[in-house]
Amino acid sequence: MTQINKILILLIGLVFSTSIMYAQGPRLIGERSIYSHHFLSPILVNPGATGFENHQELLVNYRNSWATFPGSPRTVTLSYNGPVGNRIGVGALLMTDKFAALQTTKGQVSVAYGIESPTNKVSFGLAAEYIQHKLSGSEFDRDLVDESDVQITQRLDGSQFFDVSFGAYGIYDNKIIYGITLPTLVSSRLSSGQDGTGGREFGFIANLGYRMPIDGYDVTLEPSVFVKQLMLVPFHADLNLKAQFLDERLTGGVSYTLGGDEKFGFLIGTKLQTFEFLYSYNISMHSFQNSNNGSHEFSLKFNISPVKTEVIEVTQ
């Protein structure tokens, strides 16, 4: 066994052995539940996808849930990931989410180790995450705050957490796509104060997909399912169908969510050399849909790997 394999096994064992740690005080959102583009960009939810595509990628993601409703959630995510060697991938992610007066900020760094055989490629990743919840000063005037209200003053000062998450992501025979994410295996509150001691729930995201090229039509279909059980989020599953045309230059698809957040959506996108644009629109199956204009999500992907130039030797 090589030295790097020993280090990887030691890190994974350390995470599982320390996963009995509990955060002091409640978490306010399961931030991995926000996205609908996770089946297009698994790096949004799974650290095992770090550097998996063998190129340097910059991702910009924006989501507005319940558009036109006052104080509706707006989320901006910036992400980078790419390989630094034959087996190692590194990444960084910054996310800000604003929901009325509640503002959540997340910073993450991740590292992944890949194993590849003639039929299977799989990568195991760890992510160290810093999360802060606080009330936005722009929408909450301190002059109106009752200083004796401990709950409000603590939220104004914010709550900070440190998490460690684990993920595995792979593809078998270039057709079967699979993954598992175990978020917040280690979670510890960094800020002072006690504003609740609710128990921490076990969470996971599991996905399975199948890539089906249609011979003679330059079309690839990819049905997939994402099953999610996350902290403070009702259990739900996303059923997705992605279709790519014209050598993957055009993308379309539909999705349907079962469970706590029942919704239907469609996807369109295009890819031009090193740039890819994706847009999806979701509507809820619940009566609250009558009070908003649905949910919009945009993703911009940039392949920022250095361009490899071919050297032609001229002989006389």
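Keep in mind it's a predicted model, so treat the numbers as computed, not measured.
Residues Asp97 and Gln103 fail the side-chain proximity criterion, which asks for heavy atoms closer than 4.5 Å. In this structure the side chain of Val225 never reaches within 4.5 angstrom of the side chain of Asp238, judged on heavy atoms. Contact check for Thr75 versus Asn61: no side-chain heavy atoms found under the 4.5 Å cut-off. In this structure, Phe298 and Arg63 have side chains that are not in contact, with every pair of non-hydrogen atoms separated by 4.5 Å or more.
There is a side-chain donor-acceptor pair under 3.5 Å between Ser36 and Glu297. Residues Thr105 and Thr96 have side chains that never bring a donor and an acceptor to within less than 3.5 angstrom of each other. For the residue pair Asn64 / Ser72, a side-chain donor-acceptor distance below 3.5 Å is found, with atom types taken as modelled.
Ring to ring, Tyr217 and Phe245 are not that close: their centroids are 6.0 angstrom or more apart. The aromatic ring centroids of Phe52 and Tyr169 lie less than 6.0 Å from each other.
Side-chain N or O atoms of Ser295 include one that pairs as donor or acceptor with a backbone N or O of Trp66 at under 3.5 Å. With His55 contributing its side chain and Glu53 its backbone, the two residues share a donor-acceptor pair below 3.5 Å.
Evaluation of the salt bridge (charged side-chain N to carboxylate O under 4.0 Å, His left out) rule for Glu222 yields Arg211, Lys242 as partners, not counting sequence neighbours.
The only member of Arg189, Gln132, Lys134, His133 that meets side-chain hydrogen bond (donor to acceptor under 3.5 Å, both in side chains) when paired with Ser159 is Arg189.
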Contacts under 3.5 angstrom, residues 263-277 side chains, donor-acceptor by atom type, not counting sequence neighbours:
from   : atom 1 : to     : atom 2 : distance (Å)
Thr270 : OG1    : Arg249 : O      : 3.2

